[in-house]
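Report on the following structure.
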Amino acid sequence: MTSTVQPAKTARPTPRPGRWLALCVLVLAVLLVAVDATVLGLATPYISEDLHPSGTQLLWIGDVYSFVIAGLLVSMGSLGDRIGRKRILLCGATAFGAVSVLNAYATTPELMILARALLGVAGATLMPATLALIRNLFHDPRERSLAVGIWGATASAGTAVGPIVGGFLLEHFWWGSVFLINLPVMAVLVLVGIRTLPESRNPNPGPWDLASVLLSLVGMIGVVYAVKEAATHGFSWPTLAAGLLGAGALYGFVRRQLTMPAPLLDMRLFRHRGFSGAVLADLLTVLGMSGLVFFLSQYLQLVQDRRPFEAGLAELPAAVGAVVAGLLAGRAARRFSVRSVVSAGLAAVGLSLAVLTCLGQSTGYPVLGAALLVVGAGAGLSFTVTADVILSSVPKEQAGAASAVSETAYELGAALGIALLGSIVTAVYSGFRGPAGTPPGAHESLGAAVEASAQLPPSTAEPLLDAARDAFVHGLHLAAGAGAAVLLGTAAAAWFLLKGQNLENPENPENPENPENPENPENAE
């Protein structure tokens with residue numbers, strides 16, 4: 001007798017009401033962090049004129065925010081999993097707004113360094129919490145992909161809007177205004193977030209291990225500091241000691257996590273090929289693009305003589321490409337496959353960087369604008385899909401820690417990229433041959449050469465500027481070529497590492513698109 005009992009179907013969770021309004025709150029935090037990361041560079045000359053920091057103090061004002069944020073991302077992501085992601089996001093947003101006031105009204109270099117460090121502590125709570133809350137707000141994989149696309153598009157838009165907004169404020173107000181714009185945004189985020197954001201946490205989190213927090217903090221700060229110092233000043237014994245201390249602390253952190261019953265970061269996440277492949281792709285992509293991102297504004301302003309506001313507008317195509325591609329990335333990954341979209345996006349960035357090896361001092365904007373548009377689109381496709389893969393690869397309970405690993409990959413990739421590719425540009429530039437009477441300081445940076453030329457007679461100033469700009473552009477060619485090689489290699493690696501990955505929920509074993517399910521077509525021999 002044939003049984004009439006049908007196998008139970010897995011019911012899809014009921015969509016959470018108000019989830020799209022909650023997403024609007026989350027992207028406010030993302031927008032603010034992205035804008036804040038870009039406006040300081042514009043404000044630095046004004047801060048130097050007002051606070052008179054030494055060269056070392058000025059470096060710390062610029063770098064301490066990224067040092068602290070890199071060191072605390074994993075710890076804050078794990079803390080959010082334990083005490084609640086809504087709670088840590090709202091507390092972090094409140095602290096971010098309060099510390100922004102301290103930044104705006106700092107009266108000494110030491111106070112400014114402290115304020116930037118505290119801003120890094122608050123900033124470390126925001127990005128992992130926003131991604132983790134998206135993981136818990138959107139249970140439907142297709143909606144989650146769109147939400148992650150909007151999240152990524154907002155980050156890209158903030159990076160482009162930052163120089164434009166900062167340039168406008170600095171032309172009309174004092175330098176502290178670039179920090180005070182955080183206050184109304186954070187006020188809206190907190191007030192609306194209290195009512196719209198759901199609370200979520202790991203139901204069985206275990207204790208928050210302070211020894212692991214310390215090891216993570218010391219390890220990341222040590223490594224990032226050593227990389228940046230080596231890029232700026234070359235290798236020295238203190239730099240080497242900081243790097244070895246950081247590497248040792250990270251080794252101790254990994255060993256401790258493997259022996260703890262409830263680790264701060266579950267290292268078994270890296271056994272998931274999709275998770276590891278997506279994290280590695282993010283790290284190498286940021287590394288390869290860092291040369292372009294770091295030196296492009298100098299090229300536009302110091303080589304092509306564009307004003308800061310005009311230079312900010314010139315970089316806009318990259319943000320436009322990233323926004324559009326980010327919104328379409330999830331649909332494209334389902335239409336084709338995760339690995340094809342990520343690999344194609346990375347290959348597009350690599351080829352565009354290869355095109356930029358042909359830049360000259362007088363290259364027309366259409367070539368540069370088109371290349372930036374493709375770079376933005378390729379990066380938008382890749383980053384959006386890899387973020388979705390990372391979120392889909394882990395249980396909801398560990399979403400905060402997983403998101404923090406993703407953000408840490410960005411920070412570490414940027415530090416390594418600026419160190420490695422930046423050293424190429426610096427080494428090529430510093431060796432240029434200027435005319436007789438060239439001041440020694442002109443070899444330190446293109447900005448120093450431009451300043452020095454203003455004090456020299458035209459017969460010396462013009463040849464000096466031509467030689468310095470030629471050397472800088474040649475260094476930029478080599479950095480773009482190295483970045484192109486990294487991106488094309490990463491595209492090939494992503495094709496293999498992301499085989500069989502998809503944007504559906506891998507926790508559901510009956511999902512036919514699950515990479516663990518033998519019915520998934522990509523797993524067929």
Side-chain angles (χ1 to χ4, degrees), residues 38 41-49 52 55 58-59 62 163-164 166-167 170-171 231-234 290-318 352-372 418 421-484:
T38 55
L42 291 171
T44 297
Y46 301 91
I47 294 173
S48 299
E49 185 179 345
H52 307 291
L58 192 60
L59 284 175
I164 298 172
L170 290 170
E171 285 183 13
T232 307
H233 304 295
S290 292
L292 172 67
V293 172
F294 189 70
F295 294 108
L296 181 61
S297 65
Q298 293 183 56
Y299 170 81
L300 292 169
Q301 293 181 66
L302 301 179
V303 175
Q304 294 202 331
D305 284 327
R306 298 177 188 269
R307 294 180 295 106
F309 184 75
E310 184 185 357
L313 288 177
E315 296 180 35
L316 206 54
S352 296
L353 291 178
V355 169
L356 293 180
T357 60
C358 301
L359 282 180
Q361 291 191 37
S362 58
T363 299
Y365 183 72
V367 174
L368 180 60
L372 290 177
I418 291 171
L421 302 182
S423 63
I424 293 174
V425 178
T426 302
V428 172
Y429 172 81
S430 61
F432 81 88
R433 294 184 179 181
T438 297
H443 290 269
E444 293 181 5
S445 69
L446 182 56
V450 171
E451 285 186 22
S453 68
Q455 311 300 322
L456 297 174
S459 58
T460 304
E462 290 182 12
L464 167 61
L465 279 179
D466 282 341
R469 285 169 171 168
D470 277 340
F472 180 85
V473 171
H474 181 52
L476 189 59
H477 289 168
L478 294 179

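Closest approach of G360 to V473, counting heavy atoms only: CA-CG1, 4.3 Å. The heavy-atom pair separating P317 from G369 by the smallest distance is CB-O, 3.6 Å. Among all heavy-atom pairs drawn from A354 and A484, the shortest one is N-CB, 3.7 Å. The shortest heavy-atom contact between Y365 and L313 is OH-O, 4.3 Å. Closest of all the heavy-atom pairs between V428 and G475 is CG1-N, 3.7 Å.
Considering only heavy atoms from C-beta on, T363 comes within 4.5 Å of Y299 through its side chain. Put simply, the side chain of H474 does not reach to within 4.5 Å of the side chain of D470, judged on heavy atoms.
Here CG of L478 is found 9.5 Å from OG1 of T357. Values are rounded to the nearest 0.5 Å. For the atom pair C358 SG and L368 CG, the distance stands at 12.5 Å (nearest 0.5 Å). Once rounded to the nearest 0.5 Å, the distance linking NE2 of H477 with CG of L353 reads 12.5 Å.
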